[in-house]
Chemist: 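Handing you this structure, nothing more for now.
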Amino acid sequence: MSGISRRNFVKASAVVVAAAGVSGCTGSLGLNLNKQQDQVILPKSGKRVVVLGGGWGGTTAAKYVKLGDPSIEVILVERLENFVSCPASNWVIAGFKSLQEITFTYDALAKNYGIKILKTEATGLDPAAKQLITAAGRIEYDKLIVSPGVEFMYDKIEGWSKSAEDIFPHAYKAGRQTAILREQLVNLKNGENVIMTVPAAPYRCPPGPYERACLIAFYLKNNKKGSKLIVLDANDDIASKGKLFHAAWDDYYKDIIEYVPETVVKGVDVKSRVIKTDKGDFKGGAANIIPNMKAGSFAYKAGLLPESERWVRVNSFTLESQALKNVFVLGDSTHAGTVGPVPKSGFVANSMGKVAAAAVVNELNGKEPLKPNLVNTCYSLVNDKEAIFISGVYDYDENTKMITSRGGGLSPERSELYGKHAVDWTLSIWSDMLS
Amino acid sequence: MKRSAFYLLCVFLFASIGAWAAAGGDTAERTAKTCAGCHGTYGASPGEFIPVIGGQHAEYLKKVLLELKGKKRPHSIEMTLMASGYTDEQLEAISEWYADKKWADSKVKVNEYNMSATVSLIENYSCFGCHVDNGKGEGETPAITGQAPGYLKNVLMKYKAGLIPSDEMAFLKDVSEVEIDAMVSYLTELGRNR
Ligand SMILES: Cc1cc2nc3c(=O)[nH]c(=O)nc-3n(C[C@H](O)[C@H](O)[C@H](O)COP(=O)(O)OP(=O)(O)OC[C@H]3O[C@@H](n4cnc5c(N)ncnc54)[C@H](O)[C@@H]3O)c2cc1C
């Protein structure tokens, strides 16, 4: 027995060294980017899956490919140093959690599963050669799994400039932006208003802006006397869990939240900090503009969709791209019209990661892929203790050839127990993706 | 010594091959993994209020999931809604798949109570008479040792209030909340110290 465990140990430590070596690449290769871009790095020997994007879909897919077949080499390409969770980032804005508490490294994926983490920017794709093009060089793949998240569409906002993002933070990709919005709230003077804008659906996390509205209102109620939150919503009503959110707003934030539906942001004046809409101009001491969204920009660079479209068309059975063979697309970037009525949520991206992982593992082992099955539960805190939720179970329907809703529903009311489950859910799903 | 180790290894191999074939088959393979979004990979829930399900008994999981789906067990709104999305056959396959995984004892921090008084409580109520083998349970009687403490307490309080019908657990209506807290803490500690 001791012989076996020693061999395992030696093998495991070799993997970690290799992984550390890969992580180190970015730094040393950074000096000579242009030349490097065209060279194949990490030449492939056995079966290999490359995953682009270390977010909710990508980390899950990488881990579940390894769980499905540890002999497949998995390389995870991510531009950022750390994983920062969007779910629970509204809790940071309200001051319930620190940014550190929702920030994680990718180390456990390297250590526990031998996944190679390559910290670099993916810049394009060579589908004929089956190579992902990155700033560090070309990486060969047998199967590529792409989960690049969303890109913000600022082009329709007149007067927008890069610096506007710090004045009107979206806080819709967690990290520095989350900290900026938090800081704006903390620095708000009593009586100054907060403006928040909600994009027209579809966008990432339908209930996200309304959970944020609850928690900003909670913060104002307890910390900023006389301050209000003005919610400018491009939709004609709350886009998700409407009744439950309205009930919370009526019961707790009647004097704080002013809800203005059917209001579209047209432009901004960065200097005077004014937001221009089709219902007039608004100005606040803090302003959160959540812009329209489309598939992550990598999807466009890779040729997965034309500039005229917003979401990537996939095959609902395996999540393989309709445009490119051997390229699987997950998460927020996917076109719900081609998948089925699933929301753009972290939980769905996590489920999709498992579907794509199973599909590529089976295909690489000469087996038929299994029918997909997905789940979603999305909790929203309405104050520091209580939450509401929506859940769904989705299965593949042979008749429509789409993923179809099979069950689930809304919480009948808000409760503290759901609030506890909301916190526990983050722990479970973070562990399912990252450790 | 050597021979018994070899024998054990053989038993283990046979058991795991048998379990692999039986553990829900393709149906579970495609439906069970998503549960991890709330219950952790292979059901090793790291939190306080969502239960560990990996390594729980298949018969128990099946019974509970089917009762939840049939709205006969009001212990979790979330799970009643989730269970509504699966066929009975899928719920059974999922139960077998999770039962086949390794049980992971909860690591959640718990309060300390008087140890000998708590042990007497557990003996008096004869918890391990049904949840045999120091709380591992068997068949339709669940493993309780090492379970997520917040979940365990929540369920025991529901039995106490008569919200989940059960003759075996009816004794809880005369047990105080503090006693329940103490037993839950003990069972959690017992799990990671076994
Ligand atoms: C405030 C807020 C609250 C939310 N709350 C919830 C919730 O409670 N529950 C829930 O289920 N969902 C929630 N969501 C939604 C969830 O965050 C998204 O649905 C999820 O992140 C989608 O996963 P993804 O893999 O598609 O994209 P992401 O998680 O965004 O991952 C994309 C990754 O790809 C990387 N990347 C992109 N392009 C490149 C490139 N060219 N090179 C290298 N790396 C690249 C990015 O850096 C990023 O790490 C919330 C979102 C927000 C904003």
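Atom set for the values below is all heavy atoms of this structure, side chains included, hydrogens, waters and symmetry mates excluded. Labels below follow one simple rule: chain letters A, B, ... track the order of the sequence lines, proteins then strands, and each chain is numbered from 1.
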Chemist: Quick one, A/Phe347 and B/Cys38 - any side-chain contact, counting heavy atoms below 4.5 Å?
Modeler: yes
Chemist: Could you report the tightest heavy-atom contact between A/Ile429 and B/Gly37, atom names first, then the distance?
Modeler: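 The answer is CB-O, 3.3 Å.
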Chemist: Any residues in residues 58-69 of chain A near chain B, with a heavy-atom distance under 4.5 Å, and which are they?
Modeler: A/Lys63, A/Tyr64, A/Leu67
Chemist: Picking from A/Ser351, A/Gly409, A/Gly346, which has the most non-hydrogen pairs under 4.5 angstrom with chain B?
Modeler: A/Gly409
Chemist: Atom CG of A/Leu374 and atom OG1 of B/Thr31: how far apart are they, to the nearest 0.5 Å?
Modeler: 11.5 Å
Chemist: For B/Gln90, is it the side chain, the backbone, both, or neither that has a heavy atom closer than 4.5 Å to a heavy atom of chain A?
Modeler: side chain
Chemist: So, does A/Lys354 use its side chain to make a donor-acceptor pair with the main chain of B/Lys33 at under 3.5 Å?
Modeler: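 Yes; judged by distance alone, with no hydrogens or angles, the pair exists.
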Chemist: Please confirm whether the backbone N or O of A/Gly408 pairs with a side-chain atom of B/Ser84, one donor and one acceptor, at under 3.5 Å?
Modeler: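 Pair found, side chain donor or acceptor close to backbone of A/Gly408.
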Chemist: Can you check whether anything in residues 50-77 of chain B gets within less than 4.5 Å of chain A, heavy-atom wise, and list it by number?
Modeler: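 Answer by number: B/Ile50, B/Ile77.
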Chemist: Tell me which donor-acceptor pairs under 3.5 Å the side chains of residues 162-173 of chain B have, and how far apart each pair is, sequence neighbours excluded?
Modeler:
| from | atom 1 | to | atom 2 | distance (Å) |
| --- | --- | --- | --- | --- |
| B/Ser166 | OG | B/Glu168 | N | 3.4 |
| B/Ser166 | OG | B/Glu168 | OE1 | 3.4 |
| B/Ser166 | OG | B/Met169 | N | 3.1 |

Chemist: Which of residues 410-417 of chain A have a heavy atom under 4.5 Å from any heavy atom of chain B?
Modeler: A/Leu410, A/Pro412, A/Leu417
Chemist: First locate atom OG of A/Ser391, then atom CE of B/Met79, and finally report the distance between them rounded to the nearest 0.5 Å.
Modeler: 9.5 Å
Chemist: Which distance, rounded to the nearest 0.5 Å, do you find between the CG of A/Leu370 and the CD of B/Glu29?
Modeler: 7.0 Å
Chemist: Out of B/Asp26, B/Leu81, B/Asn154, return the one with the most heavy atom pairs under 4.5 angstrom to chain A.
Modeler: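 Looking at each of B/Asp26, B/Leu81, B/Asn154 in turn, B/Leu81 comes out on top.
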Chemist: Of the listed residues (A/Leu427, A/Val375, A/Thr426), which shares the most heavy-atom pairs with chain B below a 4.5 Å separation?
Modeler: A/Val375
Chemist: Of the non-hydrogen atoms in A/Ser431 and B/Thr41, which two are nearest, and what is the gap between them?
Modeler: O-OG1, 4.0 Å
Chemist: Distance check, rounded to the nearest 0.5 Å: A/Lys420 atom NZ versus B/Phe49 atom CZ?
Modeler: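 The distance works out to 4.5 Å.
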Chemist: I'd like to know if B/Arg30 pairs up with A/Asp395 as an ion pair, taking the criterion as any Lys NZ or Arg NE/NH1/NH2 lying under 4.0 Å from an Asp or Glu carboxylate oxygen.
Modeler: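 Salt bridge flag = yes for A/Asp395 with B/Arg30.
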Chemist: With side chains defined as the heavy atoms from C-beta onward, is the minimum distance between B/Glu78 and A/Phe389 less than 4.5 Å?
Modeler: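 The answer is yes; the side chains approach within 4.5 Å.
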